[in-house]
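I have placed the structure first, in the form of structure tokens, so that the comments after it can refer back to it.
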Number of protein chains: 2
Amino acid sequence: MRRIADVLGVQAAAIYWHFANKQTLIAAVGDAILADQADWGDSMALEEWARDLRDVLLRHRDAAELVAASLAVGLCEHAPEVGAVAILEAQGWQPDDAGHAASAMVHFILGHVMQEQTRQNLLAVGVLAPPTEAIDEDGFEFGLQILVSGARALAAR
Amino acid sequence: MRRIADVLGVQAAAIYWHFANKQTLIAAVGDAILADQADWGDSMALEEWARDLRDVLLRHRDAAELVAASLAVGLCEHAPEVGAVAILEAQGWQPDDAGHAASAMVHFILGHVMQEQTRQNLLAVGVLAPPTEAIDEDGFEFGLQILVSGARALAAR
DNA sequence: ACCTGAACACCGTTCAAGT
DNA sequence: ACCTGAACACCGTTCAAGT
């Protein structure tokens with residue numbers, strides 16, 4: 001809180017005029033990150049939605065943790081899964097099933113990016129040796145294919 | 001640290017003889033929780049492994065967050081995904097693919113339980129109204145079926 | 001309406017010194 | 001080998017008071 005206030009050229013106490021507490025501020029930051037998500041409507045493929053969410057998260061430092069906190073307090077303005085729900089419902093899914101499938105994908109994406117970003121942080125602090133390979137594209141794509149194939153299998157049922 | 005020391009009847013500083021810092025201690029707690037996982041070998045079904053991991057996490061308060069921290073610092077003694085990897089390799093999967101599939105499932109399970117446990121915490125503090133329904137078995141089972149079906153689909157390929 | 005000053009009740013961590 | 005006492009440099013948060 002004091003560091004944020006510093007950057008704004010203000011006292012830390014001033015923040016509490018605008019936000020109830022630190023947790024609420026963090027949730028707002030997570031929500032702001034999610035506002036970057038693409039919004040092409042139902043014609044998008046599930047893979048495109050997933051890759052877009054991952055890319056949005058990877059663009060901002062600690063985004064996965066911030067968004068997880070945002071989700072935890074509930075009431076985010078820009079829920080990450082709405083795009084996936086829209087796509088699935090356009091394909092004839094029941095709302096409940098679409099919600100469950102979408103949140104399974106969100107959990108996977110958040111978990112994957114969180115792992116990626118904690119590794120980036122450890123690497124930045126020097127706790128981790130740099131020879132670790134760049135970024136786990138393969139692991140993400142493989143997991144994504146499992147989820148998309150599984151969703152297709154359940155839809156066909 | 002001071003509260004843990006209190007429970008042990010000791011000064012907070014004493015903890016630093018046994019652990020390098022708070023993060024390491026938390027990781028050790030997460031690791032201890034994972035030691036509760038069942039270990040029936042390769043004959044277990046993927047669903048059984050997944051439900052067992054979920055049950056282990058739900059048995060301990062904040063387990064998902066603790067285990068996530070444990071995973072973040074790396075080097076956990078009891079990696080949560082080893083069971084799934086063993087099952088998949090016994091079914092003829094490549095080690096790399098088995099690892100990717102297993103960590104996709106771990107991400108899903110951790111994400112799901114974390115959501116459940118933050119809701120439990122908000123409920124305990126009274127921030128959330130109690131009329132929220134008990135526990136999201138349906139959402140977990142649906143997501144699990146997607147992942148298992150998807151894994152079967154990719155294995156058949 | 002928005003911010004400051006000053007305080008309150010905490011933190012994690014270090015380190016000389018004890019036994 | 002294991003712990004204490006005491007301190008250091010921080011935290012998030014509150015609240016009267018200012019403008």
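Below, read A as the first sequence line, B as the second, and so on, with proteins coming before strands; counting in each chain starts at 1. Values below: every heavy atom of this structure, side chains too, minus hydrogens, waters and symmetry copies.
We find that OH of Y16(A) is positioned 19 Å from P of dA7(C), with the value rounded to whole Å. Rounded to a whole Å, the CD1 atom of I4(A) is 11 Å from the P atom of dT13(D). As a whole-Å value, the separation of I15(B) CD1 from dC2(D) P is 15 Å. Rounded to whole Å, atom P of dT13(C) lies 13 Å from atom CZ of F19(B). The CH2 atom of W17(A) sits 14 Å away from the P atom of dA16(D) (whole-angstrom rounding). Between K22(B) atom NZ and dC11(C) atom P there is a gap of 9 Å when expressed in whole angstrom units. In this structure, Q11(A) atom CD and dC3(C) atom C1' are separated by 9 Å, rounded to whole Å. At whole-Å resolution of the value, CG in D6(B) and C1' in dT4(D) are 14 Å apart.
Between P80(B) and the choices L71(B), L57(B), I33(B), the side-chain contact (heavy atoms from CB on, under 4.5 Å) rule is met once, by L71(B).
Atom CD of E47(B) has more than 12 heavy atoms from other residues, nucleotides or ligands within 6.0 Å.
Using N1 to N3 plus N6-O4 or O6-N4 for Watson-Crick, or N1-O2 and O6-N3 for G-U wobble, each under 3.5 Å, dC10(C) pairs with nothing. Taking a pair to require two hydrogen-bonding distances under 3.5 Å in either a Watson-Crick or a G-U wobble arrangement, dG5(C) pairs with dC15(D).
Using a 4.5 Å heavy-atom threshold, the side chains of F140(A) and F108(A) count as touching.
Nearest nucleotide to the A12(B) side chain, out of dC3(C), dT13(C), dT13(D): dT13(C).
Taking 4.0 angstrom as the limit, H18(B) places a side-chain polar atom (N or O) nearer than this to OP1 or OP2 of dC3(D).
For E137(B) and R54(B), the salt-bridge test passes: some basic side-chain N is under 4.0 Å from an acidic carboxylate O.
Both R2(A) and V10(B) lie near DNA chain D, and the one whose nearest nucleotide falls closer to the 5' end is V10(B).
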